[in-house]
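So you know, we letter chains A, B, ... as the sequences are listed, proteins then strands, and number each from 1. Heavy atoms only: backbone and side chains are in, while hydrogens, waters and symmetry mates are out.
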Amino acid sequence: MTENRFDPSIADGRWQRAWDEARCFEADSNSDKPKSYVLEMFPYPSGRIHIGHVRNYTMGDVLARYKKMRGHEVLHPMGWDAFGMPAENAAMEKGVHPGGWTRDNIANMKAQLKRIGFALDWNREFATCDPEYYGHEQALFIDMFNAGLVYRKESEVNWDPVDNTVLANEQVIDGKGWRSGAEVEKRKLNQWFLKITDFADDLLDGLGELKDWPDKVRLMQENWIGKSQGLQFAFELSDGQKVEVYSTRPDTIFGASFVAVAADHPIAQGVAVDNSDAQAFIEKCKAGGTTAAELETAEKLGFDTGIAAQHPLDPNVQLPVYVANFVLMDYGTGAVMGVPGHDQRDFDFAKKYQLPIARVIASDPADADSPLTEAESGDGVLVNSQSYDGMTVDEAKAAIISKLESQGCGEGKTVWRLRDWGVSRQRYWGTPIPIIYSPDHGPVPVPKDQLPLELPEDIDFEEPGNPLDRHPTWKHTTCPISGKPALRETDTLDTFTNSSWYFLRFASQPGDKPFDAEEVAKWLPVEQYIGGIEHAILHLLYARFWTRALKHMGQIDFGEPFASLFTQGMVTHETYSRQDSGREVYFTPSEVERGGESAVLKLDGKPVDIGRVIKMSKSKKNVVDPDDIIETYGADAVRWFMLSDSPPERDLPWSEAGIEGCSRFVHRLWRLFGQFDAGASGDDKALARKTHQTIAAVADDIEALSFNKAVARLYELTGATEKAKPSTTRNEAIRTILLLASPMMPHLAEEAWEQLGGEGLIAEATWPEVDEALLVDDEVTIAIQHKGKLRDTLTVAKGLPKDEMEALALASEKVQRLLDGAEVRKVIVVPDRLVNIVT
RNA sequence: GCGGGCGUGGCGGAAUUGGUAGACGCGCUGGUUUUAGGUACCAGUAUCUUACGAUGUGGGGGUUCGAGUCCCUUCGCCCGCACCA
């Protein structure tokens, strides 16, 4: 068999068909085996599988195949996050129907995924735009509505006054609409919200049990939820009103030099009634984007209302009241006390409007009068704070809260940064919100027996805005209670709702309800969830919220959907571009011939600029098509590349040389498998030890998702086996490599398994047993250091006592030379590791 | 702006978590095989130095017998910021 060459173009398809026919990746929920639910974040069907998807799904695939070899019943499903804006954009640009466009994309991408040989249970595939799926989602929305978890309130959107349409944040560029170029305004609309804040405490507490989530993700969620303890209190105003403010730093109250309210705060609105300057300022605040990043990086602007606020603890102090663009109506009370000395935003504001900047916290009380050049947010003791001077920050917080509580004008309060989740979208391609506005009964849910409430097919994208709202008949219906004519809600749900429960639908797909509780209980929680770090907060928090909401409503009995989370890095590549009449024009790597330091465009042979290595993206054209590389190198080489070298949580730079190296290794393994020598005899202790150490190490590495390390170990064992003389041990090593590599290179593994006469499919084989006795080496190499610097190494018996190690080290010739009779002051001995001699 | 992360040879990275820095791969150099190219195989490859040796994990400082790993500080890059998915 050494003669024949491994040909992926034949083997890949052959084994993919064999797996399908054997139905070996279909999950059996009646199995007695321990279960493993391996899930990768499902893709948006943009048209082509992206190399980032390939990396993500390869990782999950290796784990799924490995778990199967370890005797688990594995659920490894795939589906499509199929609603969203790109389909509508395609409809507007190309005149295609969003549904048809999406279906075509799904068909293409599914074929692409098949060509990579993923061990997926395609029986459970669905798309979120299937009426069956979104119908069940509507039912869940109605359940949440009935459970009091849904409400309507006014909320701001980006409004394009030219296109008369709502813009997503990404459609606002430098404060202008992406198509019209018009200045974007903030406009208020009545929108639907889910009460995620009801679960704020629980979502925060739950992070504690997510031991197998990255610390960074838990920290990001914790900060996002943003629980803070503070003081809410009222300032009496010179016009007789009061204004409630909230502060997490009540200890700095004597440093307050102004009060600021949000532009849509009632005080601001009241002032604007007969003050055109105030009106103009509020209008100005409404211009520009709505994102937090924009608000917080924008120049701090204020409008002095002329109102004065009485300081609650110092009768001699009155503070000016400003309307300020950096105060958010959504957080706390929509009004703050400005303490320039200890908050940088307030500091910037005070500088601009020449307000006093007082120090009220100092790390050393002697510094009480040292001026501040920037806000100091550090710890210390109070100064310039009357009777509170000398208290620590924590003491002062407590004392000032209780003082204001006793005065009856304030109270200690917990405030959350987390806001309720606005789910209304003024778009067509999403789940229709199943609500009917009844003339007599207000908003009422669509009766469940009328679900799914389907999107109309006949829509037009001739003009911007929501085609559902423009549709001639769709929104006209009758009130389910009175039967009178009524209108449907024409907003659709945020696509994040689609991905907030799909993992339940993969576990069970009854026709008459969203999921079967028993089946869900069998499969959930997901043992291993894998996806991009960009979902660290929103998607993962929303999915956790839905799971809790379903538990709250008694539909399931667990609160955390994902037991273990892994966030993989991006696939990156340098960019190629040229300046062309003021615009940067990008070229794909396949259009470019890359030299050592330079690159030229194949088309005209002229140089192009080489840009930095960044995330692959369509706009920068630094992408490679998985189909192209699979055709050239085969699925196994591509899979191997996805797993090699870069740690999976870090970015993976795509490289032509790298994939070629992987392809060579595939063929190198094939040749090694060909050297299986049934007639060989004899043992090889060293190789046996290496083999069993590798079995254990690769298993540990895969369980830890450290695929790059598993790959390195397989390289090492391959090298050692190639060098070894024929023996039964060598045959065992070859067989072992085949089994260990099979989750990563399943096509090659099947082909070789067949040639070596393995039973059945290797996809259904068992992971090799480790001989524990062979794991431990009996000799170790120890380091001999002099004052911490390596001077010599010695090979000694493992477990050699400390004093013997010391004696051996001191006797070493090099050490003797170095010491040259000097006095040994100290010797540090670490068993099996090193001896450090200090003189 | 706020929150989170990353930084080690020419490149991707490893380092049993405070104990021999550079495993493994790519690339490169030299050689062998091949009609040639490719493949394959062998040897070498952190930097400086003739050598002894010295230096070296973004920069600076510190703790320690010993620091890539811990602490302080600083620079650069990346991700998220609630209507992209």
S.K.: For B/U17, measure the glycosidic angle (O4'-C1'-N9-C4 for a purine, O4'-C1'-N1-C2 for a pyrimidine) and name it syn if it falls within 90° of 0, otherwise anti.
M.R.: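 Classified syn.
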S.K.: For B/G22 and B/G10, measure between their P atoms and round to the nearest Å.
M.R.: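 Pairwise P distance, B/G22 against B/G10, rounds to 16 Å.
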S.K.: Can you sort out the partners of A/F566 under ring-ring contact (aromatic ring centres under 6.0 Å, His included), two or more places apart, ordered by chain and number?
M.R.: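 For A/F566, no residue satisfies ring-ring contact (aromatic ring centres under 6.0 Å, His included) once neighbours in sequence are set aside.
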S.K.: Using the test side chain to side chain donor-acceptor pair (under 3.5 Å), find all partners of A/Y134 that sit at least two apart in sequence or belong to another chain.
M.R.: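 Partners of A/Y134 under the side chain to side chain donor-acceptor pair (under 3.5 Å) test: none.
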S.K.: Using salt bridge (charged side-chain N to carboxylate O under 4.0 Å, His left out) as the criterion, list what pairs up with A/E660, not counting sequence neighbours.
M.R.: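 None.
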S.K.: Identify the nucleotide, in any strand shown, that forms a Watson-Crick or G-U wobble pair with B/G80, with both distances under 3.5 Å; if there is none, say none.
M.R.: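 Because both required distances fall under 3.5 Å, B/G80 counts as paired with B/C2.
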S.K.: Under a 3.5 Å limit for both distances, which nucleotide forms a Watson-Crick or G-U wobble pair with B/C41, could you say?
M.R.: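 Checking every strand shown, B/C41 finds its partner in B/G31, with both distances under 3.5 Å.
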S.K.: So which nucleotide does B/G12 pair with, by the Watson-Crick or G-U wobble rule with both distances under 3.5 Å?
M.R.: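 For B/G12, the partner nucleotide comes out as B/C24, under the 3.5 Å rule.
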S.K.: For A/V711, enumerate each residue passing the side-chain contact (heavy atoms from CB on, under 4.5 Å) test, keeping only those at least two apart in sequence or located in another chain.
M.R.: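 Expected list: A/W640, A/L643, A/S644, A/Y715, A/M744.
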S.K.: Determine whether the aromatic ring centres of A/W546 and A/Y502 lie less than 6.0 Å apart.
M.R.: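 When the ring centroids of A/W546 and A/Y502 are compared, they turn out to be at least 6.0 Å apart.
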S.K.: State whether A/R650 places a side-chain N or O below 4.0 Å from either non-bridging phosphate oxygen (OP1 or OP2) of B/A14.
M.R.: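 Yes.
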S.K.: Which residue pairs pass the salt bridge (Lys or Arg N to Asp or Glu O under 4.0 Å) test with at least one member in residues 489-503 of chain A, sequence neighbours excluded?
M.R.: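 Of all non-adjacent pairs touching residues 489-503 of chain A, those that pass salt bridge (Lys or Arg N to Asp or Glu O under 4.0 Å) are A/R425-A/D494.
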S.K.: Would you mind telling me which residue lines up with the more 5' stretch of RNA chain B, A/S646 or A/F42, judged by nearest nucleotide?
M.R.: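 The residue closer to the strand's 5' end, by nearest nucleotide, is A/S646.
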S.K.: I'd like a list of close polar pairs between nucleotides 81-84 of chain B and the protein, N/O only, cut-off under 3.5 Å.
M.R.:
unit_1: B/A82; atom_1: OP2; unit_2: A/A292; atom_2: N; d: 3.1
unit_1: B/A82; atom_1: O2'; unit_2: A/R419; atom_2: NH2; d: 3.4
unit_1: B/A82; atom_1: N6; unit_2: A/R417; atom_2: O; d: 2.9
unit_1: B/A82; atom_1: N1; unit_2: A/R419; atom_2: N; d: 3.0
unit_1: B/C83; atom_1: OP2; unit_2: A/R425; atom_2: NH2; d: 2.8
unit_1: B/C83; atom_1: O4'; unit_2: A/R425; atom_2: NE; d: 3.2
unit_1: B/C83; atom_1: O4'; unit_2: A/R425; atom_2: NH2; d: 3.3
unit_1: B/C83; atom_1: O3'; unit_2: A/N169; atom_2: N; d: 3.2
unit_1: B/C83; atom_1: O2'; unit_2: A/N169; atom_2: N; d: 2.6
unit_1: B/C83; atom_1: O2; unit_2: A/R427; atom_2: NH2; d: 2.4
unit_1: B/C83; atom_1: N4; unit_2: A/Q191; atom_2: OE1; d: 3.0
unit_1: B/C83; atom_1: N4; unit_2: A/S424; atom_2: O; d: 3.4
unit_1: B/C83; atom_1: N4; unit_2: A/Q426; atom_2: OE1; d: 2.9
unit_1: B/C84; atom_1: OP2; unit_2: A/N169; atom_2: N; d: 3.3
unit_1: B/C84; atom_1: OP2; unit_2: A/E170; atom_2: N; d: 2.9
unit_1: B/C84; atom_1: O4'; unit_2: A/E170; atom_2: OE1; d: 3.1
unit_1: B/C84; atom_1: O4'; unit_2: A/E170; atom_2: OE2; d: 3.4

S.K.: Could you encode protein contacts along nucleotides 17-32 of chain B as a string, one character per nucleotide from 5' to 3', using B for base contact, S for sugar-phosphate-only contact and - for no contact, with a heavy-atom cut-off of under 4.0 Å?
M.R.: --BB--BSSSS-----
S.K.: If I take atom CD1 from residue A/I837 and atom CZ from residue A/R825, how far apart are they, to the nearest 0.5 angstrom?
M.R.: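 So the CD1 of A/I837 and the CZ of A/R825 are separated by 13.5 Å.
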S.K.: Is the base of B/G4 syn or anti, where syn means the angle lies within 90° of 0?
M.R.: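 Anti for B/G4; the angle lies over 90° from 0.
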S.K.: Pick one: which of A/W224, A/F199, A/F496 meets ring pair (Phe, Tyr, Trp, His ring centres under 6.0 Å) with A/Y542?
M.R.: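 Single pass found, and it is A/F496.
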S.K.: Pull out every protein N or O sitting under 3.5 Å from an N or O of nucleotides 70-77 of chain B, one pair per line with the distance.
M.R.:
unit_1: B/C77; atom_1: O3'; unit_2: A/R612; atom_2: NH1; d: 3.3

S.K.: How long is the line joining NZ of A/K216 and P of B/G4, in whole Å?
M.R.: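 About 13 Å, once rounded to whole Å.
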S.K.: Could you list the residues that satisfy side chain to side chain donor-acceptor pair (under 3.5 Å) with A/D701, not counting sequence neighbours?
M.R.: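 Result, side chain to side chain donor-acceptor pair (under 3.5 Å) vs A/D701: A/R713.
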S.K.: Which part of the nucleic acid, if any, lies within contact of A/P647, taking any heavy atom under 4.0 Å across all strands shown: a base, the sugar-phosphate backbone alone, or nothing?
M.R.: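 Sugar-phosphate, backbone atoms only, no base.
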S.K.: With a non-hydrogen cut-off below 4.0 angstrom, is A/H535 in contact with a base, only sugar-phosphate, or nothing?
M.R.: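 Base contact - A/H535 has a heavy atom under 4.0 Å of at least one base atom.
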S.K.: What pairs with A/R544 under salt bridge (charged side-chain N to carboxylate O under 4.0 Å, His left out), at least two apart in sequence or on another chain?
M.R.: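 Salt bridge (charged side-chain N to carboxylate O under 4.0 Å, His left out) check on A/R544 returns A/E560.
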S.K.: Can you tell me the Watson-Crick or wobble partner of B/A54, both distances under 3.5 angstrom?
M.R.: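 Base-paired to B/U47.
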S.K.: Expressed as a whole number of angstroms, how long is the span from A/H539:NE2 to B/A85:P?
M.R.: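 These atoms are roughly 13 Å apart.
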S.K.: Please identify each residue that fulfils side chain to side chain donor-acceptor pair (under 3.5 Å) with A/K709, with sequence neighbours left out.
M.R.: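 Partners of A/K709 by the side chain to side chain donor-acceptor pair (under 3.5 Å) criterion come out as none, since no residue qualifies.
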S.K.: State which residues pass salt bridge (charged side-chain N to carboxylate O under 4.0 Å, His left out) with A/R791; sequence neighbours excluded, sorted by chain then number.
M.R.: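 Scan of A/R791 (salt bridge (charged side-chain N to carboxylate O under 4.0 Å, His left out), adjacent residues dropped) gives none.
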S.K.: Roughly how many Å is it from CG in A/L204 to C1' in B/G3, rounded to a whole number?
M.R.: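 One finds 15 Å between C1' of B/G3 and CG of A/L204, rounded.
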